[in-house]
Number of protein chains: 2
Amino acid sequence: MMKSVTVYDIAKEANVSVATVSRVLNNTAPVKASTRERIQSLINKYQFQPNALARSLIKKVTGMIGIILPDITNPFFPEVLAGLEQEARKQGYTFFLCDTGSSNLDIKEQYKRETQYLNILMEKQVDGIIMIGGRIDLHKCSKEMAKEVAEINKRVPLVFINGNLPGAKFHRVVIDEEAGGRMVTEHLIGLGHRDIAFIGGYSQMSNTVERLQGFRMAMERAGLPVREEWIDHGGFSVQRGKNMMGRLLEMDTVPTAVVCANDLVGIGAIKAAVKSGLQVPRDVSITGVDGVPLAASVIPELTTMSLRCLELGRAAASVLHGLISKSGDVQTLTILQPELVIRESTSVPMQKEA
Amino acid sequence: MMKSVTVYDIAKEANVSVATVSRVLNNTAPVKASTRERIQSLINKYQFQPNALARSLIKKVTGMIGIILPDITNPFFPEVLAGLEQEARKQGYTFFLCDTGSSNLDIKEQYKRETQYLNILMEKQVDGIIMIGGRIDLHKCSKEMAKEVAEINKRVPLVFINGNLPGAKFHRVVIDEEAGGRMVTEHLIGLGHRDIAFIGGYSQMSNTVERLQGFRMAMERAGLPVREEWIDHGGFSVQRGKNMMGRLLEMDTVPTAVVCANDLVGIGAIKAAVKSGLQVPRDVSITGVDGVPLAASVIPELTTMSLRCLELGRAAASVLHGLISKSGDVQTLTILQPELVIRESTSVPMQKEA
DNA sequence: CGCCATGATGAAATCGGTTACTGTGTACGA
DNA sequence: TCGTACACAGTAACCGATTTCATCATGGCG
């Protein structure tokens with residue numbers, strides 16, 4: 001648009017060297033008051049803004065951090081993002097947002113996108129990377145990906161939020177997913193439910209696997225059988241939730257409670273239940289996991305496990321900052337405990353017609 | 001972490017000059033096959049990735065575009081973002097996300113943040129900027145801001161989504177907000193409502209003002225009076241929606257329908273209505289504006305004006321790309337028509353007890 | 001009065017790429 | 001046989017900052 005003014009232009013017009021201009025810019029060495037003013041006024045006059053590319057090139061610090069997440073449209077992620085922002089803004093970082101758009105992609109395509117974004121972020125010389133989303137060993141892409149990410153981790157600080165990759169040691173900030181799955185199931189069992197289903201998520205993602213593990217553990221401890229036909233993995237969206245709940249309701253025997261892998265699926269499940277004439281929670285209790293604000297906005301309000309998204313984001317930002325600034329005392333693994341939020345979508349089961 | 005390898009390292013080991021390495025990197029001139037292979041294998045061996053800062057410094061193109069929005073936590077914005085992504089990814093852009101976090105801030109603070117982000121984006125040499133959110137003349141900060149943004153617009157392509165600033169000519173992609181407000185109101189009038197309220201938004205934001213204008217126009221055309229005490233501006237969140245609806249329901253006379261400035265407020269309004277024992281839509285009809293997926297997930301599903309977020313994002317991305325690549329044929333103003341989505345939260349009003 | 005710390009500044013190297021310019025060697029048409 | 005064109009490759013300038021090193025006053029101190 002316009003050729004931009006540089007330190008050289010300023011220097012020339014002020015009859016000083018670029019070094020001096022740089023000094024007033026960064027306050028890095030004493031400059032005579034009169035000279036400083038002269039330069040400062042030129043800076044104002046031209047609205048001069050130093051080129052961050054040039055600066056970063058020599059300083060080897062960009063103040064940029066990259067964020068890779070699977071689907072910005074899922075309200076969990078904006079929430080975490082907000083937490084990241086809050087913390088990272090203080091340190092003066094700005095964000096690269098990389099949405100791998102997984103909601104519509106198959107897993108292979110998603111890995112490709114992640115790799116692609118990872119490379120872009122490296123080229124752009126970000127100071128650090130945050131990856132949000134669960135991974136686990138079950139998919140064959142995963143090993144390859146792990147190696148790749150490990151390689152990157154050697155070059156630039158990286159922290160995982162709620163996820164991991166097999167065989168590699170990354171810095172991680174996670175929610176105790178298993179405890180989450182367990183506690184929410186125990187809540188239902190405590191209410192008197194015995195026939196409980198688990199729907200949602202992806203079988204190759206660590207968050208799903210761990211939540212399900214917690215579910216199984218709670219059931220086992222209570223001496224309740226787990227019906228495998230009541231376990232269904234089919235995604236994380238409202239629509240998927242509707243579908244899975246729909247399938248569940250068409251079965252011969254129907255559970256009295258359903259734990260959903262996340263809030264969106266929970267909301268979808270409520271919709272499906274209501275649509276087929278059931279009342280929630282009278283006829284069927286439904287729970288979510290995530291604790292996004294939205295879960296408190298539906299009717300009935302969703303009982304859920306709060307994953308404390310904001311804190312998750314904040315914690316990750318501060319770990320990453322520790323890594324970047326090499327302040328020694330960074331924990332490799334930070335575990336946050338989820339919190340059961342009891343609202344309106346759960347209650348004691350209806351009396352069995354005897 | 002590790003000192004990175006450069007073109008010089010590659011060049012030395014391959015016994016060629018950096019120019020040749022650059023040529024194989026960018027395929028910008030013929031290189032002998034054997035040489036190319038030798039270089040390529042070294043690139044693979046070291047996982048060499050050219051430094052984008054250095055490249056951008058001389059090429060004057062960064063492939064980065066900045067996005068400024070008020071609150072990533074409001075589902076409208078992720079939706080628009082997804083649209084932007086879809087389109088911009090094709091062109092190879094990556095995003096800087098700047099959340100001014102307005103949900104908690106007063107307007108002055110928000111302007112400060114915007115200015116700050118704008119400056120950061122300029123320094124980082126983004127190829128273009130997209131600002132999402134409505135503005136209008138009513139606030140005194142606004143004039144100043146307009147000048148500032150106009151100044152920036154001279155230096156780097158900028159497009160507004162759903163917003164404007166007084167006295168300046170920017171490229172804009174907008175929804176016809178007034179039509180939106182009008183159509184949704186006409187829908188209610190068509191159902192037989194005469195006592196209609198309008199709640200939500202901010203009186204200094206153009207989107208609110210225009211939606212309200214549409215509301216007034218529809219009322220006027222139908223010969224219906226607008227009760228000023230039924231007009232309440234108090235924000236865009238679910239919580240605010242609850243509060244405003246609560247106030248409305250405490251009045252001596254209560255409307256039979258409420259048009260809300262956005263979906264979140266609409267959802268809050270439904271919650272408040274239900275909480276105070278009313279049924280929606282039997283006792284009161286409620287409408288939103290935005291058309292976020294969430295609006296279809298609540299019970300009852302919210303009747304709303306779809307602002308076609310994805311298309312909005314895509315259109316903005318393509319306008320911005322046109323601006324950046326100077327492909328001449330860019331429209332200054334792109335207007336999309338909103339679409340009425342009738343769902344479950346509106347119906348004919350109850351018979352007046354005569 | 002001489003010395004040295006300090007203030008104030010400039011010259012030039014540097015970061016890691018791209019590219020304009022230049023210079024070979026070879027093929028091809030006249 | 002000569003001129004021209006093109007394939008291939010190197011040299012060095014350049015992008016716009018920061019920073020090291022050197023220079024030169026100035027002034028306090030012994």
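Since we're looking at a predicted model, the values are computed, not measured. Within every chain, numbering begins at 1; the chains are lettered A, B, ... in the order of the sequence lines, protein sequences first and strands thereafter.
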Measure CD1/B/Ile39 against C1'/D/dC8 and give the value in whole Å, please. 11 Å

If every non-hydrogen atom of A/Thr62 is compared with every non-hydrogen atom of A/Ser56, which pair is closest and at what distance? CA-OG, 3.5 Å

With each end axis built from five pairs of C1' atoms, what bend angle do you get for the helix from C/dC1-D/dG30 to C/dA30-D/dT1? Round to 10°. 50°

What nucleotide among C/dG16, D/dG10, C/dT9 has an atom nearest to a side-chain atom of B/Ser17? D/dG10

How about B/Glu148 and B/Thr115: does a side-chain donor come under 3.5 Å of a side-chain acceptor? yes

Take atom NZ of A/Lys124 and atom P of C/dG16, then tell me their distance rounded to the nearest Å. 17 Å

Which pair of heavy atoms, one from A/Leu53 and one from B/Lys124, lies closest together, and at what distance? CD2-O, 4.1 Å

Nearest whole Å is fine: how far is C/dG16 C1' from A/Met122 CE? 15 Å

How do B/Lys60 and B/Ala33 order along DNA chain D: which one's closest nucleotide is nearer the 5' end? B/Ala33

Would you indicate whether the side-chain heavy atoms of B/Ile65 and B/Phe95 approach each other to under 4.5 Å? yes

With 3.5 Å as the limit, what N/O pairs link the protein to nucleotides 17-26 of chain D?
unit_1	atom_1	unit_2	atom_2	d
D/dA17	OP1	A/Asn51	N	2.5
D/dA17	OP2	A/Val7	N	2.7
D/dA17	N6	A/Tyr8	OH	3.3
D/dT18	OP1	A/Asn26	OD1	3.2
D/dT18	OP1	A/Asn26	ND2	2.9
D/dT18	OP1	A/Arg55	NE	3.0
D/dT18	OP1	A/Arg55	NH2	3.0
D/dT18	OP2	A/Ser22	OG	2.7
D/dT18	OP2	A/Asn26	ND2	3.3

Start with the C-alpha gap between A/His321 and A/Glu87, add the side-chain angles, then the distance that decides, and say whether side chain to side chain contact (heavy atoms under 4.5 Å, CB included) holds. CA-CA 9 Å; A/His321 178 63; A/Glu87 189 67 25; over 6 Å; no

For B/Pro157 and B/Leu323, the nearest pair of non-hydrogen atoms, with its separation, is CB-CB, 3.8 Å

If I compare all heavy atoms of A/Ala146 with all of A/Phe170, which pair ends up nearest, and what's the gap? O-CZ, 4.2 Å

Just by modelled atom types, is the B/Ala14 backbone N or O under 3.5 Å from a matching donor or acceptor in the B/Arg38 side chain? yes

In whole Å, I'd like the distance from the CG atom of A/Asp9 to the P atom of D/dG16. 9 Å

Take atom CZ of A/Arg36 and atom C1' of C/dT9, then tell me their distance rounded to the nearest Å. 13 Å

How long is the line joining NZ of B/Lys12 and C1' of C/dG16, in whole Å? 15 Å

DNA chain C nearest-nucleotide lookup for A/Ser34 and B/Leu53: closer to the 5′ end is A/Ser34

Step by step, work out the salt bridge (charged side-chain N to carboxylate O under 4.0 Å, His left out) result for A/Arg314 and A/Glu311. CA-CA 5 Å; A/Arg314 279 204 293 261; A/Glu311 291 166 69; 5.4 Å; no

Hey, does the side chain of B/Thr35 come within less than 4.0 Å of D/dA9's phosphate (OP1/OP2), counting only N and O? yes

Between atom CD1 in B/Ile10 and atom C1' in C/dG16, what is the gap in whole Å? 13 Å

